A.B. asks: 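Structure in structure tokens, see below.
Quick caveat, the model's predicted, so the values are computed rather than measured. In this chain, numbering begins with 1 at the start of the sequence shown.
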Amino acid sequence: MDAERLVAEAERAMCGAPQPERIIAEAWQALELTEAVARLLAADEGRPGRAAGPGPLAGGVGSGGGTGPPRAARLTGVRDPDGTLRALRVLLGEIGLVLVGIVGAAADEGTYSQCIDALDAVDEAKDRVRALSRAAGSGGEVD
């Protein structure tokens with residue numbers, strides 16, 4: 001499945017009023033999808049004007065405790081790298097904002113800790129998207 005469709009799927013999962021554990025899972029899914037996109041772009045490195053960016057993310061696919069198989073496992077291609085990176089920037093920004101709200105309202109230490117870990121994952125993914133965007137020449141602004 002194309003990367004932009006997977007990002008859109010993640011955005012739909014964020015709609016409404018999802019539970020904190022679902023948002024936390026979406027943060028890890030976004031990290032895994034970002035890593036998978038980076039790997040595909042690295043594989044496409046030989047194409048003119050396309051650079052791979054930095055090495056793999058520290059967390060790695062499957063490290064985040066997302067529910068079910070990661071969306072990244074269904075990734076088959078990146079038809080529009082610039083569009084995909086823009087969509088990932090927006091998604092990561094949205095997830096980060098929701099997580100900050102959950103952290104502020106966390107009723108227990110477990111949820112708080114999970115949110116902080118998920119925020120770290122989102123920040124790591126944002127850094128990766130910035131690097132990929134710079135390498136592709138499309139800028140790297142992420143909220």
A.B. asks: Residues in side-chain contact (heavy atoms from CB on, under 4.5 Å) with V90, at least two apart?
C.D. replies: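 V90 satisfies side-chain contact (heavy atoms from CB on, under 4.5 Å) with E11, E94 once adjacent residues are dropped.
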A.B. asks: Indicate the atoms forming the closest heavy-atom contact of A27 with L99, along with that distance.
C.D. replies: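 Closest approach of A27 to L99, heavy atoms only: CB-CD1, 3.9 Å.
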A.B. asks: Find out whether V100 and L119 are in side-chain contact, i.e. whether some heavy atom of one side chain is under 4.5 Å from a heavy atom of the other.
C.D. replies: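 The answer is yes; the side chains approach within 4.5 Å.
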A.B. asks: Show the nearest heavy-atom pair for residues I102 and C115, with the distance to one decimal.
C.D. replies: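 Scanning both residues completely, I find the closest heavy atoms to be CG2-SG, 3.2 Å.
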A.B. asks: Return yes if a side-chain donor-acceptor contact under 3.5 Å exists between T84 and R79, otherwise no.
C.D. replies: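 Judged by distance alone, the side chains do not pair up.
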A.B. asks: Quick one: closest heavy-atom pair of R89 and S133, and the distance?
C.D. replies: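 Smallest heavy-atom distance, with atoms named: NH1-OG, 2.7 Å.
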A.B. asks: What's the spacing between D127 CG and L92 CG if we round to 0.5 Å?
C.D. replies: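 D127 CG to L92 CG: 10.0 Å, rounded to 0.5 Å.
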A.B. asks: What distance separates L85 CG from L41 CG, expressed to the nearest 0.5 Å?
C.D. replies: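 If we round to the nearest 0.5 Å, L85:CG and L41:CG are 6.0 Å apart.
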A.B. asks: Can you tell me how far apart CG (L6) and CG (L33) are? Round to the nearest 0.5 Å.
C.D. replies: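 If I round to the nearest 0.5 Å, the distance is 5.5 Å.
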A.B. asks: Do any pairs count as a side-chain hydrogen bond (donor to acceptor under 3.5 Å, both in side chains) and have a residue in residues 109-123, sequence neighbours left out, and if so which ones?
C.D. replies: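 Listed by first then second residue: D108-T111.
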A.B. asks: Given the rule that I, L, V, M, F, W and Y join up when any side-chain heavy atoms are under 4.5 Å apart, are I116 and L97 in one cluster?
C.D. replies: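 No, separate clusters.
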A.B. asks: Hey, could you give me the CZ/CG distance between R130 and L132, rounded to the nearest 0.5 Å?
C.D. replies: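 Going from the CZ atom of R130 to the CG atom of L132 covers 12.0 Å.
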A.B. asks: Give me the atom names and distance for the closest heavy-atom approach of I95 to E26.
C.D. replies: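 Shortest heavy-atom contact: CD1-O, 3.7 Å.
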A.B. asks: Look at D2 together with R5 and state whether they make a salt bridge at an N to O cut-off of under 4.0 Å.
C.D. replies: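 Looking at R5 together with D2, the answer is no, because their closest N to O distance does not fall below 4.0 Å.
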A.B. asks: Minimum heavy-atom separation for A118 to I24, with atom names?
C.D. replies: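 Where A118 meets I24 most closely, the heavy atoms are CB-CG2, 4.1 Å.
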A.B. asks: Going by heavy atoms in the side chains, are L75 and M1 under 4.5 Å from each other?
C.D. replies: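 Answer no - side chains too far apart.
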A.B. asks: How far apart are the closest heavy atoms of L91 and A30, and which atoms are they?
C.D. replies: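 Scanning both residues, the minimum pair turns out to be CD2-CB, 4.3 Å.
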A.B. asks: Which value, rounded to the nearest 0.5 Å, describes the distance between T34 atom OG1 and L88 atom CG?
C.D. replies: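 Rounded to the nearest 0.5 Å, the OG1-CG separation comes to 4.5 Å.
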A.B. asks: Who passes salt bridge (charged side-chain N to carboxylate O under 4.0 Å, His left out) against E9, sequence neighbours left out?
C.D. replies: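 For E9 the salt bridge (charged side-chain N to carboxylate O under 4.0 Å, His left out) partners, ignoring immediate neighbours, are R71, R74.
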